[in-house]
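Note: hydrogens, waters and symmetry copies are ignored here, and every other heavy atom, side chains too, is used.
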Protein chains: 2
Amino acid sequence: MTSSPPSLDATQLGAYFALIEASSLLKHAVEQQLRDAGDLSYVQFQLLATLGDSSTGSRRMTDLADGVVYSRSGLTYQAQTLEKRGLVTRTPSTDDERSITVTITEEGRAVLAGVFPGHVAVLEDLLFAVLSRSDIETLADILTRARDHMRQTPPRSAEPRRRKKMAGTDQAP
Amino acid sequence: MTSSPPSLDATQLGAYFALIEASSLLKHAVEQQLRDAGDLSYVQFQLLATLGDSSTGSRRMTDLADGVVYSRSGLTYQAQTLEKRGLVTRTPSTDDERSITVTITEEGRAVLAGVFPGHVAVLEDLLFAVLSRSDIETLADILTRARDHMRQTPPRSAEPRRRKKMAGTDQAP
DNA sequence: AGCAAGTGCTTCGAATTGGAAGCACGATAG
DNA sequence: CTATCGTGCTTCCAATTCGAAGCACTTGCT
């Protein structure tokens, strides 16, 4: 098999590295700020922010995990931590006895509100400072497309316990 | 204090979330592939790739850490791991007795070569599949600018043990 | 030379992560 | 109704991570 050229060209590599590096740098910086401002880890902030965005202020565990791209077990741990701090509430769902509904509390909203300004400031300084309006729009467009694609592309070897609401992916059993 | 509007507009938020989500999703997918193909973690791959890129095949510990955006102590751990597996070599520098020079071995290059095709495949499938040539160029341009800016912007409260080769940042002591 | 500050790396300890395995409820086919 | 499979979460455990503190070598000043 005369395999096809496996390498990427310079531009692709540049885009890839810049993506990884930029997100890493940004994440670390934000992490720092969140720690100082409200003693929150990045995931915890993401969770609170996700819940705060919801009209009901709550979400199922699984949906939260998918939303922030996190492992189920990891989420269990973080949810417990947040619950201990009184920032969220965990209650078994009424309709499905298995699932847990996580809800942000007033206190949680307060903490979120407390760290948000600083968070935004970091983003302004580090990310948006050198980007034009049009850059930002373009970036949003491109990355949104990429993200949506990745979201719906199954992880390259769908395990048994791995399937969403999709029919038709039938291979040899 | 009628603080200035601390919030971001929808586009900015969209760009930010898409950036974080896309990089997370991509990282997880790549991590999976690296694990399967060569039993490497993402950082380990980054380290080997960085060393492989160098003309000499080696780098100082600190430079490596900065390069992949990692803590010093974390790098020490990973370097030891890679050394145990025979993928890199660690030798005290001749000119500066304090610093350690990490060098990739033949074996290391072999492992790198072994995982690379799969790695590239994942990138093609997940990231580049839905992007046009021009998208990729634009993405590289924008993110490179952002990254470079973040690289040279000190972490918003320069600690004592925090300074590069820059003069002129003098504030109240 | 002699001392103090700076830099490079490692050790230590505590907090996170995530995969595998387990438990419990729900839905579907007999 | 009752097996059986599927889904939602948690527990367990081993591997990572990172900051604080410590050790060793260098550089800068006097």
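Taking atom NZ of residue B:Lys84 and atom P of nucleotide C:dT10, one finds them 12 Å apart after rounding to whole Å. Atom-to-atom, CG of A:Asp39 to C1' of C:dA15 comes out at 12 Å; the value is rounded to the nearest Å. As rounded to whole Å, 16 Å separates atom P of D:dA15 from atom CD of B:Glu31. B:Ile100 places its CD1 atom 14 Å from the C1' atom of C:dT7, with the value rounded to the nearest Å. Per the geometry, NZ belonging to B:Lys27 stands 15 Å off P belonging to D:dT16, to the nearest Å. Atom CG of A:Asp95 and atom C1' of D:dG8 are 12 Å apart (whole Å). Computed from coordinates, the B:Tyr70 OH to C:dT10 P distance equals 14 Å when rounded to whole Å. Spacing between atom CD of A:Glu97 and atom C1' of C:dG26 amounts to 11 Å, rounded to whole angstrom units.
Remark: A:Asp53 engages no residue in a side chain to side chain contact (heavy atoms under 4.5 Å, CB included) (not counting sequence neighbours).
Side-chain N/O atoms of B:Thr62 and base N/O atoms of C:dG8 include no donor-acceptor pair closer than 3.5 Å. Side-chain atoms of A:Ser71 and base atoms of C:dG19 include no donor and acceptor less than 3.5 Å apart. Interface remark: the B:Arg98 side chain does form a donor-acceptor pair with the C:dT7 base, using a distance-only criterion of under 3.5 Å.
Distances shorter than 4.0 Å separate none of the side-chain N or O atoms of B:Arg59 from OP1 or OP2 on C:dG8. Between C:dA15 and A:Gln78, no contact under 4.0 Å exists linking OP1 or OP2 to a side-chain N or O. OP1 or OP2 of C:dT10 has not a single side-chain nitrogen or oxygen of B:Arg72 nearer than 4.0 Å.
The side-chain contact (heavy atoms from CB on, under 4.5 Å) test with A:Met61 singles out one residue from A:Arg72, A:Arg98, A:Arg90, and that residue is A:Arg90. Each of A:Gln46, A:Gln44, A:Glu83 was checked for a side-chain hydrogen bond (donor to acceptor under 3.5 Å, both in side chains) with A:Gln78, and the lone residue meeting it is A:Gln44.
For the pair B:Thr103/B:Val88, no side-chain contact is recorded, criterion being any heavy-atom separation below 4.5 Å from C-beta on.
Considering only side-chain atoms of B:Thr76, the nucleotide from D:dT11, C:dT11, D:dT17 that sits closest is C:dT11.
Taking for each of A:Ser99 and A:Ser73 the nucleotide of DNA chain D with the nearest heavy atom, the 5'-most of the two is the partner of A:Ser99. In terms of position along DNA chain D, the nucleotide closest to A:Gln80 lies nearer the 5' end than the nucleotide closest to the other residue of the pair A:Gln80 and A:His28. When each of B:Ser93 and A:Asp96 is assigned the nucleotide of DNA chain C with its nearest heavy atom, B:Ser93 is the one assigned upstream, toward the 5' end.
If you check every strand for non-hydrogen atoms under 4.0 Å, A:Arg35 touches nothing.
Classification of B:Arg60 and B:Asp66 as a salt-bridged pair fails, no side-chain N sitting under 4.0 Å from a carboxylate O.
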